[in-house]
Amino acid sequence: MTKALNRNYYNDEKLSKDELLFFKKALEEKREKIEKNVKLTSNNVENGDKCHLKDEADQASNLIDTHTTNAIIKEQTKSLNQINRCLNKIATGRYGICNMCEETIDIERLKVKIFAEYCISCREIIEQQ
Ligand SMILES: [Zn+2]
């Protein structure tokens, strides 16, 4: 009896299967979009490199474009890593659990910040440091 009660309590604390599925789907959609974007951006860079540039001004602007593009790709790769880490956590049942205090992260917080790895209290402590 006590065991059954504890188990229910435990389940209530953690994200439900449906909730996890919701986040899994959202993460996979995000990943798909970013992967498409990265492909498009990389293609643009390759095409840009193949162009014969007329003068120095063109070269300079192309350089800036490549620089910006690289920054975008870097940012997107970072997001992809975060998504993969979250998906991995969902698979292992660790998603939605604070990295620091092991408490369940509020679902409303996860909906806003899907990559959240810390609960609000721990996040505040980290930001103060
Ligand atoms: Zn915490």
Short N-O contact, K25 and E28, less than 4.0 angstrom
no

To check you understand the geometry: which heavy-atom pair defines the closest contact between C98 and C101, and what is its length?
SG-N, 3.4 Å

Solution key, residues 30-38 side-chain donor-acceptor pairs under 3.5 Å, sequence neighbours excluded:
residue : atom : partner : partner atom : Å
R31     : NH1  : N84     : OD1          : 2.8

Check residues 113-129 and write down every donor-acceptor pair under 3.5 Å in which the side-chain atom is one partner and the other belongs to a residue at least two apart or another chain.
residue : atom : partner : partner atom : Å
E117    : OE1  : R85     : NH2          : 3.0
E117    : OE2  : R85     : NE           : 3.2
E117    : OE2  : K89     : NZ           : 3.2
R123    : NE   : E127    : OE2          : 3.4

Taking all non-hydrogen atoms of both residues into account, name the closest pair between T41 and Q76 and its distance.
OG1-OE1, 4.2 Å

Test log, rule side chain to side chain contact (heavy atoms under 4.5 Å, CB included), inputs L110 and Y95:
CA-CA 10 Å; L110 286 170; Y95 181 73; 3.7 Å; yes

Are I97 and F23 connected in a single hydrophobic cluster, I mean Ile/Leu/Val/Met/Phe/Trp/Tyr linked by side-chain heavy atoms less than 4.5 Å apart?
no

Go through E19 and K24 one step at a time and tell me if the side chain to side chain contact (heavy atoms under 4.5 Å, CB included) criterion holds.
CA-CA 9 Å; E19 286 161 348; K24 194 176 174 228; over 6 Å; no

In Å and rounded to the nearest 0.5 Å, what is the CG to CG distance from D65 to N70?
10.5 Å

Hydrophobic cluster identity match, L87 and L21, side-chain contacts under 4.5 Å
no

Nearest-0.5 Å distance that lies between atom CG in L20 and atom NZ in K17:
9.5 Å

Would a hydrophobic clustering, with Ile, Leu, Val, Met, Phe, Trp and Tyr connected at side-chain separations under 4.5 Å, put I90 with I107?
yes

Let's go through T69 and I73 carefully: what are the C-alpha distance in whole Å and the side-chain angles of both, what is the deciding distance for side chain to side chain contact (heavy atoms under 4.5 Å, CB included) to 0.1 Å, and is it a yes or a no?
CA-CA 6 Å; T69 313; I73 291 177; 4.2 Å; yes

